[in-house]
Novice: 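Starting off with a structure, shown below.
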Amino acid sequence: MSREIHAKCFPSHCTRGGGRRQKQRCEGEAKSSVSVPRGTCMTMCPAYELRQRELQNRLHRFEVLTGTEHDRLPRADVSCTVKEYSRPAAGKDSTRATDLRPPDILLKTVYYLVDDIAASSTLHPWTEVYSFVFDRLRSVRQDMIIQRISGPECVAVLERTVRFLLFASYRLCGQPLRLFDSCINDTHLQECLSWLLECYREGQHQHQEEFQALSLLYNLGSAQAVQHVLELPGSVRLSPPVRLALAIGRAYVERNPVRLLRLARRLDFLQGCALHRHLLPCRRDLLLLYSHGHSSRNCRFPIQKLADILSLESSLTAQLCRAHGIHVGGEWVIFSKGSFTESLSEELQCAQMHRLLEDKQQDLTVSDIIHGVA
């Protein structure tokens, strides 16, 4: 099933407007017109696809059987080969039971992708690891949509997918577009978040508070996201993660970057990943605010104090100030509202400003992060 159909049945919660009813209507119409297929494939890759990809030399290097890498047609390692995502094509039957994996095999596949690929210390570069895992997780979701899988297995898959995409948005920040497209990553992350939040409407789930908070932090400033949370039961709405996310959202709407950055220090690592795309604009707003509030020829602001407020190293604080036209002299910053500029130097990248998250990551492994162990 295409992403367009997915988006129709599971619209983004940021623009939902009756999304649950629309989803139920879509499901009801589909069920009335055709029976829902049930997968019988008990391996991570259907046997037919495995043979075809061997013959067409389309195996990824992570899937090749050791010792056959240099053969004209490398052989597949059945224990490592994972079904590719494929776009629906005219005349192609995507509902054959032998090509679809049942829920337990889909969850097993996700665990393999996380523990053996994404968290591997030997597979490099991570941009290639990301590309492989991203595609195979998309295939897992495609199998779930075709079979209309719901319940605990669906939630478990979506939760790990959201964590993976959030982590990737931080880890690959600043990579060239040919290696990492942040817009595509964002599109899939929003779709998975929307689908997951719809699943939470069906019953209680262990990690609901975590993901309601992540949704708020990732969609900072979204009135629809806040309204969604305010309609949740009190046990979720008043939980510590959600309350902290709401407080950060309030600081963002009120254009209070000092409070926002102070509250951000209380976030855990993955919550920081959700917030991280907003940090550079937030720091820019803070410098703009200080450029007006401390604009004076005789005013000298300690650069170390400013660095602490921004959660940056002193050298990066000075670099950020200069990029915005703010004068830095030795250990002091001299603010002037007339010299502040909105434009940023191309040499100044978000990836250079990650101290706040690096301090939080500490000894967490990729597996811990994606499985939610942290």
Novice: Do other residues, nucleotides or ligands put more than 12 heavy atoms under 6.0 Å from the CZ atom of Arg265?
Specialist: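 Counting neighbours around CZ of Arg265, more than 12 heavy atoms of other residues, nucleotides or ligands fall under 6.0 Å, so yes.
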Novice: Please indicate whether Glu331 has more than 12 foreign heavy atoms, meaning atoms of other residues, nucleotides or ligands, lying under 6.0 Å from its CD.
Specialist: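 No, CD of Glu331 has 12 or fewer neighbouring heavy atoms, counting only those of other groups under 6.0 Å.
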Novice: Quick one: are Asn57 and Pro74 in side-chain contact, heavy atoms under 4.5 Å?
Specialist: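 SC-SC contact between Asn57 and Pro74 confirmed.
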Novice: Does the side-chain contact (heavy atoms from CB on, under 4.5 Å) test come out yes or no for Cys273 and Arg171, once each step is laid out?
Specialist: CA-CA 9 Å; Cys273 289; Arg171 179 162 179 172; over 6 Å; no
Novice: So if I apply the side chain to side chain contact (heavy atoms under 4.5 Å, CB included) rule between Leu216 and each of Val229, Leu275, Leu244, Ile248, which one comes out positive?
Specialist: Val229
Novice: From the options Trp332, Phe301, Phe340, select the one residue that forms a ring pair (Phe, Tyr, Trp, His ring centres under 6.0 Å) with His294.
Specialist: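 It is Phe301, the one option of Trp332, Phe301, Phe340 that forms the ring pair (Phe, Tyr, Trp, His ring centres under 6.0 Å) with His294.
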Novice: In sequence, state the C-alpha distance, the side-chain angles, and the governing distance for Arg141 and Cys192, and then conclude on side-chain contact (heavy atoms from CB on, under 4.5 Å).
Specialist: CA-CA 9 Å; Arg141 299 199 302 278; Cys192 290; 3.5 Å; yes
Novice: Does the pair Glu231/Arg201 count as a salt bridge with the N-to-O cut at 4.0 Å?
Specialist: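 Arg201 and Glu231: not salt-bridged.
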Novice: Are Cys282 and Leu261 side-chain neighbours, meaning at least one heavy-atom pair lies under 4.5 Å?
Specialist: yes
Novice: Salt-bridge test for Glu128 and Arg61: reply yes if a basic N is under 4.0 Å from a carboxylate O, no otherwise.
Specialist: yes
Novice: May I ask you to check whether Phe164 and Tyr130 place their ring centres under 6.0 Å from each other?
Specialist: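 Ring-ring flag for Tyr130/Phe164: true, centres closer than 6.0 Å.
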Novice: In terms of side-chain geometry, is the basic nitrogen of Arg250 or Glu254 positioned less than 4.0 Å from the acidic oxygen of its partner?
Specialist: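 No, no charged N to carboxylate O under 4.0 Å.
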Novice: Identify whether NZ of Lys or CZ of Arg in Arg136 sits under 6.0 Å from the centre of the six-membered ring of Phe62 and within 45° of that ring's axis.
Specialist: no
Novice: Any donor-acceptor pair under 3.5 Å linking the side chain of Glu49 with the backbone of Pro46?
Specialist: no
Novice: Do the non-hydrogen side-chain atoms of Glu159 and Leu196 ever get within less than 4.5 Å of each other?
Specialist: yes
Novice: Would you check if Glu63 and Asp77 make a side-chain contact, meaning some heavy-atom pair closer than 4.5 Å?
Specialist: no
Novice: Measuring only between side-chain heavy atoms, which start at C-beta, is Leu197 closer than 4.5 Å to Tyr200?
Specialist: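 Heavy-atom side-chain distance check passes, below 4.5 Å.
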Novice: Between Ile105 and Leu107, is there shared hydrophobic-cluster membership here, with clusters defined by ILVMFWY side-chain heavy atoms closer than 4.5 Å?
Specialist: no
Novice: Quick one: are Lys83 and Cys41 in side-chain contact, heavy atoms under 4.5 Å?
Specialist: no
Novice: Please confirm whether Phe180 and Trp126 have ring centers closer than 6.0 angstrom.
Specialist: no
Novice: Are any non-hydrogen side-chain atoms of Glu54 and Leu73 less than 4.5 angstrom apart?
Specialist: no
Novice: Step by step, work out the side-chain hydrogen bond (donor to acceptor under 3.5 Å, both in side chains) result for Thr122 and Ser120.
Specialist: CA-CA 5 Å; Thr122 59; Ser120 172; 3.1 Å; yes
Novice: For a 4.5 angstrom cut-off between non-hydrogen side-chain atoms, does Arg163 reach Val114?
Specialist: no
Novice: Just wondering, more than 12 heavy atoms not from Gln206 lying within 6.0 Å of its CD?
Specialist: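 Counting neighbours around CD of Gln206, 12 or fewer heavy atoms of other residues, nucleotides or ligands fall under 6.0 Å, so no.
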Novice: In terms of relative ring orientation, are Phe132 and His60 parallel, tilted or perpendicular, with 30° and 60° separating the classes?
Specialist: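 Rings of Phe132 and His60: tilted, as their planes differ by 30° to 60°.
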Novice: With a sphere of 6.0 Å drawn around CD of Gln56, does it hold more than 12 non-hydrogen atoms of other residues, nucleotides or ligands?
Specialist: yes
Novice: How about His188 and Phe134: are their ring centres within less than 6.0 Å of each other?
Specialist: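 Yes, the ring of His188 comes within the 6.0 Å limit of the ring of Phe134, centre to centre.
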Novice: Partners of Asp186 by salt bridge (charged side-chain N to carboxylate O under 4.0 Å, His left out), sequence neighbours excluded?
Specialist: Arg277
Novice: Evaluate the side-chain hydrogen bond (donor to acceptor under 3.5 Å, both in side chains) criterion for residues Asn219 and Gln224: first the C-alpha distance (whole Å), next the side-chain angles of each, then the deciding distance (0.1 Å), finally the verdict.
Specialist: CA-CA 9 Å; Asn219 294 294; Gln224 289 84 355; over 6 Å; no
Novice: Return yes when atom CZ of Arg58 has more than 12 non-hydrogen atoms of other residues, nucleotides or ligands closer than 6.0 Å, and no otherwise.
Specialist: yes
